[in-house]
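To keep things clear, I will list the structure first and then write my remarks on it.
Just so we're clear, the structure is a prediction, and the values are computed from it rather than from any experiment. We're numbering straight along the sequence, starting at 1. Just follow the structure's listing: the first ligand is 1, and inside any ligand the first atom is 1.
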Amino acid sequence: MPLSDFITALDELATQALAAFQATADKSALETARVEFLGAKNGRLKLTQQRMTAVDPADRPAAGQKLNQVKSTIQAAFEAASQRLESAALVQHRDPQFDPTLPGIVPKRGHLHPITQTIAELTDIMGRLGFTVADGPEIEDEWHNFDALNIPLDHPARDPLDNFYLATAGRTAGDGPLLLRSQTSTVQIRVMERQPPPVRIIALGRVYRPDQVDETHYPMFHQMEGLLIDQGITMADLKSVLRLFASSYLGTAVHIRFRPSFFPFTEPSVEVDMHWQDRWIEMGGAGMVDPRVLEAVGYDPEQVTGFAFGLGIERLCGRRHGITDIRNFHYNDVRFLHQF
Ligand code: PHE
């Protein structure tokens with residue numbers, strides 16, 4: 001068969017196929033046309049292809065090229081028809097009762113949770129004082145939650161009843177137990193283990209203690225930890241930073257008061273109060289980082305000193321907004337949340 005005959009046959013086939021696909025009015029007609037032209041066994045394209053053996057071998061490459069062209073043309077016509085029917089179906093299924101001119105249902109706009117907002121604000125204030133954010137896991141080992149923080153084995157803070165120890169399968173005996181961190185002080189250790197001094201970080205996040213639930217206690221709450229290590233750091237620096245922080249957060253000059261206290265990882269240790277709206281408000285604990293903690297992370301206590309503090313975020317946010325029951329932060333009642 002001469003090449004020109006083969007080409008003519010293909011052109012005719014293309015013309016017919018295009019007309020057929022364009023004319024289809026529904027999916028079953030489309031399928032019929034597809035089988036007729038593109039069917040894998042007896043489709044007309046396939047049958048025409050089989051006739052290529054009759055073409056002079058010298059002309060076969062040209063014939064093959066033409067065949068491929070026609071094949072993609074027909075396939076494209078099929079796709080186009082299929083899309084045309086698809087969108088027609090969408091229009092058809094549209095609810096005739098639907099009136100696009102009616103006002104819609106106004107979606108309720110959400111916003112960030114007050115604790116999340118507070119975390120962002122505290123991060124911003126401390127950032128201006130040169131503190132960058134550090135992070136640590138909420139599931140901790142005893143080294144970071146206790147040992148490195150100079151909390152001895154017999155210390156009551158390690159009592160299983162005062163902590164959420166985890167029953168973890170597949171850990172070998174030597175690994176030691178895991179627990180939900182009871183304080184963000186764990187991040188102090190993680191940061192100091194990672195980098196040499198100086199250090200100037202804050203860590204904000206959840207901590208867990210199996211407290212009985214009441215207005216001021218919840219088994220999960222948030223803390224902001226601060227840690228500054230450098231040469232010649234004193235308690236005056238600690239007080240200045242806390243005063244600047246509290247004044248920025250509350251928007252007025254705030255007095256800071258230190259009361260003697262004890263934490264195994266600071267020496268001396270203090271409870272921090274701030275004076276605001278004629279009241280003394282407890283902010284959290286603080287102190288000068290104990291030399292034993294510095295040693296535990298490989299720092300030289302003769303070279304550097306530093307301070308650390310840990311503040312309750314619910315408490316800060318609650319005081320500023322007059323929220324007296326911290327359970328409200330966790331009920332997720334939108335009537336409460338939308339006020340912030
Ligand atoms: N980690 C202590 C607590 O949770 C607070 C604290 C942090 C005290 C840093 C001193 C220094 O109670």
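- By the criterion of a heavy-atom distance under 4.0 Å, neither the backbone nor the side chain of Arg181 is placed next to ligand 1.
- The atoms of ligand 1 that sit less than 4.0 Å from any heavy atom of Gln223 are 3 (C), 4 (O).
- Under the rule for a side chain to side chain contact (heavy atoms under 4.5 Å, CB included), the partners of Asp273 that lie at least two apart in sequence or sit in another chain are Arg257, Arg259, Trp280, Glu282.
- Using a non-hydrogen distance threshold of 4.0 Å, Arg209 registers as a contact of ligand 1.
- Contacts of Phe309 with ligand 1, taken as heavy-atom pairs under 4.0 Å, involve the backbone alone.
- The local environment of CD in Gln65 is sparse, with at most 12 non-hydrogen atoms from other residues, nucleotides or ligands closer than 6.0 Å.
- For ligand 1, the atoms sitting less than 4.0 Å from at least one non-hydrogen atom of Ser185 are 1 (N), 7 (C), numbered in the order shown with element in parentheses.
- Residue Ala286 touches ligand 1 through its backbone alone, judged by heavy-atom distances below 4.0 Å.
- Among protein heavy atoms, the minimum distance from atom 1 (N) of ligand 1 is reached at Gln183 OE1, 2.7 Å.
- Within 6.0 Å of CD1 in Ile139 there are 12 or fewer heavy atoms belonging to other residues, nucleotides or ligands.
- The distance between the ring centers of His330 and Tyr218 falls below 6.0 angstrom.
- Closest to atom 5 (C) of ligand 1 among all protein heavy atoms lies Gly310 CA, 4.1 Å.
- Between Leu122 and Leu316 there is a side-chain heavy-atom pair separated by less than 4.5 Å.
- Among all non-hydrogen protein atoms, the one lying nearest atom 9 (C) of ligand 1 is Glu225 OE2, 3.3 Å.
- Under the 6.0 Å distance and 45° angle rule, Arg320 counts as a cation-pi partner of Tyr249.
- Contact of the Val207 side chain with the Thr186 side chain is not registered, since no non-hydrogen atoms from C-beta on lie closer than 4.5 Å.
- Listed by atom number, the atoms of ligand 1 under 4.0 Å from Phe265 heavy atoms are 1 (N), 2 (C), 6 (C), 7 (C), 8 (C), 9 (C), 10 (C), 11 (C).
- Atoms of ligand 1 found under 4.0 Å from any heavy atom of Ala308, numbered from 1 in the order shown, are 9 (C), 11 (C).
- Leu250 places none of its side-chain heavy atoms less than 4.5 Å from the side chain of Gln277.
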